[in-house]
Each structure stands twice: as C-alpha cells, then as structure tokens.
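A quick note: this is a predicted structure, and the numbers were derived from the prediction, not measured. Worth knowing before you read on, the calculation uses all heavy atoms, side chains too, and leaves out hydrogens, waters and symmetry mates. Counting starts at 1 for both ligands and their atoms, following the listed order.
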Amino acid sequence: MSTLRQNVQTGWNFDNSYLRLPGIFFSRVNPVPVREPQLVLQNSRLAEALGLDTETISADALSGNSLPGGAEPFAQAYAGHQFGYFTMLGDGRALMLGEQITPEGDRYDIQLKGSGRTPYSRGGDGRAALGPMLREYIISEAMHGLKIPTTRSLAVVKTGETVYRDKVLPGAILVRVASSHIRVGTFQYAARFGSKDDLGVLADYTLGRHYEGCGDEGSRYLCLLREATVRQARLIAKWQLVGFIHGVMNTDNMAVSGETIDYGPCAFMDAYHPHTVFSSIDTSGRYAYGNQPDIGGWNLTRFAEALLPLIHNDREKAIEAAREVIEEYKKLYYEEWLSGMRAKLGLLNTEEQDERLILSLLDIMDRHNADYTNTFLSLTLDRPAPGSLFGNEEFVQWQLAWRHRLQRQEASGKTAADLMHRSNPAVIPRNHRVEAALEAASNGDDSVMHRLLDVLEDPFAHTPEQAVYGALPDPSACPYKTFCGT
Ligand code: AMP
Ligand code: MG
C-alpha cells in the first residue's frame, strides 16, 4: 500500500518544524527495531483528538518498526542541571517521530520513549521497561483528568525483548504526546554550546509555538521569560493542590510550555507532610513536596540565565530585567496556590484571615498524619473526618471556624459545595493502587489497570466506584519508594 494511502487511512499528518532549527539541536536517528511489538494500552480518545484512526494504527508503527509516512525520526539535544549539577544530556532513549497536525490545526510532538540508543545515550541501553512506561501512562492520564497541564500517553507497546535493570524486565515503548519537548535544558544547551544566533532561533521558535502573544517587539524574550514563569507558577500550584510530587525536577525535566513532563519517580502524597519524598535517589530531599515551589523558581532562574544574551546586550541591564521577572514568580505561585486552596474550601470571596485558616488546617493535618486528599474529601462530602482527625478537638474547632467563614460569604451553600466538588478529587492514583495495577499487568491481567484508568478519567465525578479508591494503603505498604529504574 502506498504511504500516502496508508496515511489517509491512519490519519498521520506530520509537519516537522523542529528539523528546521539549526543542526546542533537534534540528531537524525532511526528507531532500533524491536523483536515482537505488541500493543498493551491504547488511548482511543486521545488518538481521535489527534486525528488518528486507532483501528488502523499498528503496533509496528507505534514501536518504530515501521515509520508512518512523513515521520522523520530525530533525537533532541539538551543539557540540564541534575540535582543542581550541569550536565550534557539529550534524548538518550527517545525519538521524535514528528509533529502531528490535528484536524483542529494544533501541533503535537509524537515521541517514542524506549526506542533504542541515540548519540545522547551515554552509557544507557536506550530502552525502557514495561512497568515504568505503564506507570507514566497511568499517572500522566490521571494528571490530565485532574486538569493539570501534562504530556499525554497515546500507547504502550511491549517490545518482546527484555531489558536489564536490577533484574530482567520486559521491555516497552511509550508513545508520548506533548505540545512540545522544549525544556529549560534545551535553552541551557543553546546558551552553553550554541552561538547567540542559535539561541535566538530557539527562542523565536518557542515563542511561535507557545507564546505567540509576545509578538515581535524588542522585549519579546523578556516576555517569553515572563509568560513561561506564569505557566510554571500555575503548574506547580496545581501540583501542590493535589499532592503531586514530581520527584526529579531537574531543569531538563521542566518543559517551557508549562506541561508536566518526564514522569519518573513521581508519586502522590498520602498523609500531608511537606517533607515527603518518594524517590529513592533523592536522598537529600531536594525535590520534596514542600520544596517544589522553590525549585520551580530555581529552575526558572536557570532559564533566565540562558536567555540573558537575548534580553539585552548589556549584561547588567539584562540581569536587572530578568531579576524583576523572576522575583514575580513567588508571588504568582502563592496567589495561584491561595486561590486554589480557597476553592478547595468552598470560599468564593476573599478575607484576610483565609491564609491563616488554610495554614492552620495544613498544620493540623501535618501533626496528625492526616491523609491530604481524604481530609478535603470529607469536608467536600460533609462526612466524618478520616482517620486520626476523627473526633480530634483541634480539627473540630477548625471546622467551626471554617463553617463560620462559609456563612459570612454571600454565595449559597450549594454554590460553595459545587466549587468544592470541582476542586477536590474523589480519587488520585494512589501508590498502592498503581502498584497493584502494574503487578497484575505484569502477570498478564490488564483488568486492574483498566479499572484504575477508568476511575481516574474524571476524578471530580464523585461516583460510587471512585469512593472505593479512597481507601488508604495497608500501613505495611509504607514508606513507599519509587525508583528511577526506568
Ligand atoms: P530522566 O531521568 O528519565 O529524565 O533521564 C535523564 C537522561 O538520561 C535523559 O537524557 C535520558 O534520555 C537519559 N536516559 C535515561 N534512561 C536511559 C536509557 N535507558 N538509555 C539511554 N539514556 C537514558
Ligand atoms: Mg528527563
């Protein structure tokens, strides 16, 4: 069958603008074929939105064994600060097939993760294991359900090969979809290894893809910094509001688009403690839950440094202008977080004491080991407090103060309750549920994973099925650890 006919059937419609950037930004490389590709998960709704026909898209195409017409595979070059240290990186086990133009005219990167070695693989095998790829699929789709900007997952394909980590594991490829894969680390790479022209081309390209509103005026690079800062502040506030811990917020894992990217050792917090860390490699707690907002600021400062040559020819002036923008970040973040917290508590207007009310709730949760999601859920559903907060005098007093606060606002009780239903998820991808789904899948039973994906699709629906997923893990399952062992 001709490629053209095949594409008409399957819906692939590539335009690979990234390849029009200077050559230093990528390496053209083909996926390394896999032995026996077999589709494990497929996101039909996302496929449809992309204009793809899932009936005719084969595991061969999703594994890289055959290339859809118009695909021009390449690996992206980037650098980044990993746990504070600058390193040259790049897609070591991922390839872009190209940018899919949807029927609506939107542009999305289609990336294969686990597609084999590239010039940036360093010592790695270029492959990925099934468990972590299914995990990324589940958590990224859960984030989408939670209305948090994120890369998406189109499919997981088993390769029919094994990968060697601390043990022998089945190999897999994740088909990832993103509004782009331009990272803070891509700018760091350009600033360190490219010319000023290269940096300018990358910045203009990024503006065109994500920040068209910045226009063409002289200060557009400062505008890029400002707008990316706003999106990052919003994103991290949303993470904090649902208890999401990214786990490895290196600058190469921060997308300039403001989407959550690179799901590795991420996990959701159960009991509220700001110092919570799940990642086995984050021994110092650099990326602990409570540090995420500050790390966001740290990463944006690295972004600003990379942009300095474009912001102004006079370095001092550039620093001054960039500093003003970065200083806004903390405030932007805090405002987003505060208004999100107000929504979680059903508050539609603002009062000066709201901050104290919110912080005292968090303090009670912290000291009494209260489950973050379920505490807000009990307030939303007007249910008895969960676990250790049940009958707790401090919490009873807090609730009284909160109820008085609700009564002082003009909005009706119904309006407040609706807002809380929309702001507090009935279900999050709890670690023990995700593990159970992965465990069953590794034994050939995908039904547990499908049920989990179903309830995570709309976490604000508050259905009876979702209620079951509020149950906490057996205490013996704690403390939970996640591994980068990808
Ligand atoms: P991550 O921690 O997943 O964000 O990856 C950090 C860097 O290591 C990126 O440049 C990845 O492409 C690279 N990398 C991770 N795993 C592998 C692997 N198995 N083979 C080659 N490169 C890898
Ligand atoms: Mg990464």
Between G92 and ligand 1, is there a nitrogen or oxygen pair with a distance under 3.5 Å?
-> yes

Quick one: does D125 get an N or O within less than 3.5 Å of an N or O on ligand 1?
->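 N/O-N/O distance under 3.5 Å: yes.
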
Under 4.0 Å between a Lys/Arg side-chain N and an Asp/Glu carboxylate O for R20 and D15?
->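 Looking at D15 together with R20, the answer is yes, because their closest N to O distance falls below 4.0 Å.
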
Cationic N near anionic O, under 4.0 Å, R430 to D371 =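 Looking at D371 together with R430, the answer is yes, because their closest N to O distance falls below 4.0 Å.
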
Give a yes or no on whether the ring-centroid distance for Y78 and F25 is below 6.0 angstrom.
-> no

What atoms of ligand 1 come within less than 4.0 Å of a heavy atom belonging to [X]?
| X | value |
| --- | --- |
| G126 | 18 (C), 19 (N), 20 (N), 21 (C) |
| Q82 | 6 (C) |
| N253 | 4 (O) |
| R165 | 19 (N) |
| D262 | 4 (O) |
| R122 | 7 (C), 8 (O), 10 (O), 13 (C) |

So does D262 have any N/O/S atom less than 2.8 Å away from the Mg ion (ligand 2)?
->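 True for D262.
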
Is the distance between the Mg ion (ligand 2) and the nearest N/O/S atom of N250 smaller than 2.8 Å?
->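 So N250 does not count as coordinating the Mg ion (ligand 2).
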
For I236 and W337, run side-chain contact (heavy atoms from CB on, under 4.5 Å): C-alpha distance rounded to whole Å, both residues' side-chain angles, the deciding distance at 0.1 Å, then the answer.
-> CA-CA 9 Å; I236 297 175; W337 177 83; over 6 Å; no

Y221 side chain to D204 side chain, donor-acceptor N/O pair below 3.5 angstrom =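 There is such a pair (donor and acceptor under 3.5 Å, judged by atom type) between the side chains of Y221 and D204.
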
Side chains of H210 and S180: do they bring a donor and an acceptor to under 3.5 Å?
->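 Short answer, yes.
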
Among pairs that include at least one residue of residues 175-208, which meet ring-ring contact (aromatic ring centres under 6.0 Å, His included), considering only residues two or more places apart or in two chains?
-> Y18-Y205, F187-F303, Y189-F193

